[in-house]
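Each remark here refers to the structure printed beneath this line.
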There are 4 protein chains.
Amino acid sequence: MDEQEIGILRLGLDFSQPLYEQIVEQMRGAIARGEIALGEKIPSVRELAHGLKINPNTVMSAYKELERDGLTETRRGQGTFITSAQEKVDDFRSEWAEQVIDEFLGKMENLGYTVDDIQLVIQRKKEDKE
Amino acid sequence: MDEQEIGILRLGLDFSQPLYEQIVEQMRGAIARGEIALGEKIPSVRELAHGLKINPNTVMSAYKELERDGLTETRRGQGTFITSAQEKVDDFRSEWAEQVIDEFLGKMENLGYTVDDIQLVIQRKKEDKE
Amino acid sequence: MDEQEIGILRLGLDFSQPLYEQIVEQMRGAIARGEIALGEKIPSVRELAHGLKINPNTVMSAYKELERDGLTETRRGQGTFITSAQEKVDDFRSEWAEQVIDEFLGKMENLGYTVDDIQLVIQRKKEDKE
Amino acid sequence: MDEQEIGILRLGLDFSQPLYEQIVEQMRGAIARGEIALGEKIPSVRELAHGLKINPNTVMSAYKELERDGLTETRRGQGTFITSAQEKVDDFRSEWAEQVIDEFLGKMENLGYTVDDIQLVIQRKKEDKE
DNA sequence: GTGGTCTAGACCACG
DNA sequence: GTGGTCTAGACCACA
C-alpha cells in the first residue's frame, strides 16, 4: 500500500479492488469528512495519475464517477472542483452510510446475529481500541 | 417470477453479486444459524445446478469455497456433507463476523462516523423495525 | 453514416458527436420506442464493437451509461439485457423528453419566439412532410 | 454569488456548456430579439474578458463565431459592431431556429413521440406557466 | 495547461 | 463465451 501525497490528498492503493474505485472511495471519504473544502480544486487527472503512478484513464474513470455522485464539478479547461453545495455532500454522506449499514446488518443477520449482539460486538471493538 | 428455490436455497434476480457467492453466503448463513444439521448431506453439484437452473461450474465454485472455509467435507463416492465438528462452524462464524464488522467499521470511519455515531444509527434502525 | 445491422439493431455512426453517445442515444430510442422487448439480450460488447468497426472499450462506455440510466441490466458472464421493468423505461422516456423540451423551449425563447410561434412552426413542418 | 455581468451579458455557474458558446448564444439572442441595436458597437475583447473575469481567448472564440454567423463586423482600429443589415439578422434568426427545431424534432422522434404528441406536450407546458 | 474521447491490446473474473 | 479493469499512447476542444 504505497502511500503518495498528491496536493492535499494522501492516497494509497492496493490491488485487491479496482484502482479507480479506491480513488473514488478515498475521495468520497475526504470530502465527507470535510478534509477537502467545498469548491476546492482537486488534483488534475494527469497530476494524480503521475503521483499514483497509474494511467490517466484510470483516474478519469474515478473522476467521472465522483461527478455522477454530484460530489464534484468539472470545468472544461480549468480542472475538477468539489461541489460548492454542502447539501449535496450531506445527502451523499447519509445515503451512502445508509447503504453501508443495510448491507452490514443483512450480512450479520444472515449469520444469526441479532441487533443486540451486533451492538455488543461493536462496543467491545471500541473498548479494545482504547 | 424468475426465482428458483431448492431446499433452503433461494436465488432471486440479484446480479450485483456473483451467483456463486450468493450460494456460498446462503449456505454459510444456514449452517451458522443451525438450519442445516451438522453432518448432513447437501445436494450434489448436478442436483443443485439443475434445481436452480444454473451452470454446474457456478455451483462447483461455491462448493469449493465452502470446503476452503472448512464448513463442508467431500467424501469420495458419497457426496458433500456439512462438517460434523460444531467447533469448526463456531470458529468460522466468529471469524467471518469479525471480518464483516471490520470492513463495516472501516467504511463508516472513512465517511467520518465515530463508533458512537454508528451505535446510534443502528439503535435507530432497530427501533424503526419495531 | 455507414449503417450496420447488429442483432436486432440498425445502427449508424458519424463523427460529429462522441461515438459512445451515439450508441447510447440510438439504444435509448430503440428501447423507448419498444423496438427491443423488455428483458431481451442486446448484442455483446465485442459483437457490437466488431459490427460497428469500433473499439470494444467505446461500446463498454455506452453500455455502462445505459446501465446507469436503469435501462439495462448486466449479468456477469451472460451478457447485457434490457431491464424487464416497463416502469423504468417509461420513467426514463418521460424524464428524457422533459429535458429535451425544456432545452428546446429555452433556445427558442432566447431567439424571441413565443410558444405560439413555436406551435405554428412545428405545425408547418408537419404539413411540409405530408 | 459568483455571477458576472456586463451589459446584456450574464454568465452564471453553468459549466455544462463551453463558456464561449454561452456568450455566443446570449449575444445571438440579444441581437435576434432586438435588444442590441443594429450597427451598435459591442465591448472589445479585452473589456468583455475583464468584465466577465474570464480568459480573453474565450471571448475571442465567441466573437469569431458571431462574425462567422454574419451578425457582427470587425472594423480595423474601431472595434466590433453589430451588422447594420436587418436582413442578415432575420436570415440568421430563421436559419438558426430551423436548425434548433430540426434537432428537437429528431430527438423527440427518436423517443417515439409523434408531432401531435409534441404539440400536446408544449401546449401543456404553456398552460403550466400561466 | 485542463478534461474528454478513442484505439490497440492485455489480463481477469464469472458462468 | 460474457463483462470489467488497466495500460500506453494518440488526438481533440476549451480556457
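Throughout, a chain's letter reflects where its sequence line sits, starting with A, and its residues are numbered from 1. Since we're looking at a predicted model, the values are computed, not measured.
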Query raised in the report: Could you write nucleotides 7-15 of chain E as a row of B, S and -, 5' to 3', where a protein heavy atom under 4.0 Å of any base atom gives B, of only sugar-phosphate atoms gives S, and otherwise -?
Result: BBB----BS
Query raised in the report: Under 3.5 Å, is there a donor-acceptor pair between the side chain of Glu65(D) and the main chain of Val24(D)?
Result: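 No; zero donor-acceptor contacts below 3.5 Å.
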Query raised in the report: Short question: side chain of Glu47(C), backbone of Ser44(C) - any donor-acceptor pair under 3.5 Å?
Result: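 Pair found, side chain donor or acceptor close to backbone of Ser44(C).
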Nearest whole Å is fine: how far is [N] [atom2] from [X] [atom1]?
| X | N | atom1 | atom2 | value |
| --- | --- | --- | --- | --- |
| Glu67(C) | dG4(F) | CD | C1' | 11 Å |
| Asp14(C) | dT5(E) | CG | P | 15 Å |
| Glu65(A) | dG4(F) | CD | C1' | 13 Å |
| Glu47(C) | dT2(F) | CD | P | 6 Å |
| His50(C) | dT2(F) | NE2 | C1' | 17 Å |
| Leu48(A) | dG3(E) | CG | C1' | 14 Å |
| Met60(C) | dT5(E) | CE | C1' | 15 Å |

Query raised in the report: Between dG3(E) and Lys41(A), is there an OP1 or OP2 to side-chain N/O distance shorter than 4.0 Å?
Result: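 For Lys41(A), the contact criterion (side-chain N or O under 4.0 Å from OP1 or OP2 of dG3(E)) is not met.
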Query raised in the report: According to a strict under-4.0 Å criterion, is Thr74(C) in side-chain N/O contact with OP1 or OP2 of dG4(F)?
Result: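 Answer yes for this pair, as a side-chain N or O of Thr74(C) is under 4.0 Å from OP1 or OP2.
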Query raised in the report: Asn110(B) pairs by side-chain hydrogen bond (donor to acceptor under 3.5 Å, both in side chains) with which of Arg33(A), Glu25(A), Gln26(A), Arg28(A)?
Result: Arg33(A)
Query raised in the report: Looking for any heavy atom pair under 4.0 Å, which part of the strands does Thr80(C) touch: base, sugar-phosphate only, or nothing?
Result: sugar-phosphate
Query raised in the report: When Ile31(B) is tested against each of Asp69(B), Ile42(B), Ile36(B) for side chain to side chain contact (heavy atoms under 4.5 Å, CB included), which residue passes?
Result: Ile36(B)
Query raised in the report: Measuring from Gln78(D):CD to Lys41(D):NZ, what's the distance to the nearest 0.5 Å?
Result: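 Interatomic distance, Gln78(D) CD to Lys41(D) NZ, rounded to 0.5 Å: 9.0 Å.
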Query raised in the report: Does NZ or CZ of Arg75(D) lie under 6.0 Å from the centre of the six-membered ring of Phe81(D), at an angle within 45° of the ring axis?
Result: yes
Requested in this report: Could you check which nucleotide pairs with dG9(E) in any of the strands shown, counting Watson-Crick or G-U wobble with both distances under 3.5 Å?
Outcome: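 Partner of dG9(E): dC6(F).
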Report task. For dG1(E), give its Watson-Crick or G-U wobble partner with both distances under 3.5 Å, or none. Result ->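 The base-pairing partner of dG1(E), which may sit in any strand shown, is dC14(F).
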Requested in this report: May I ask you to say whether Lys64(A) pairs ionically with Glu67(A), meaning some side-chain N is under 4.0 Å from a carboxylate O?
Outcome: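 Judged by the 4.0 Å cut-off on N to carboxylate O distance, Lys64(A) and Glu67(A) do not form a salt bridge.
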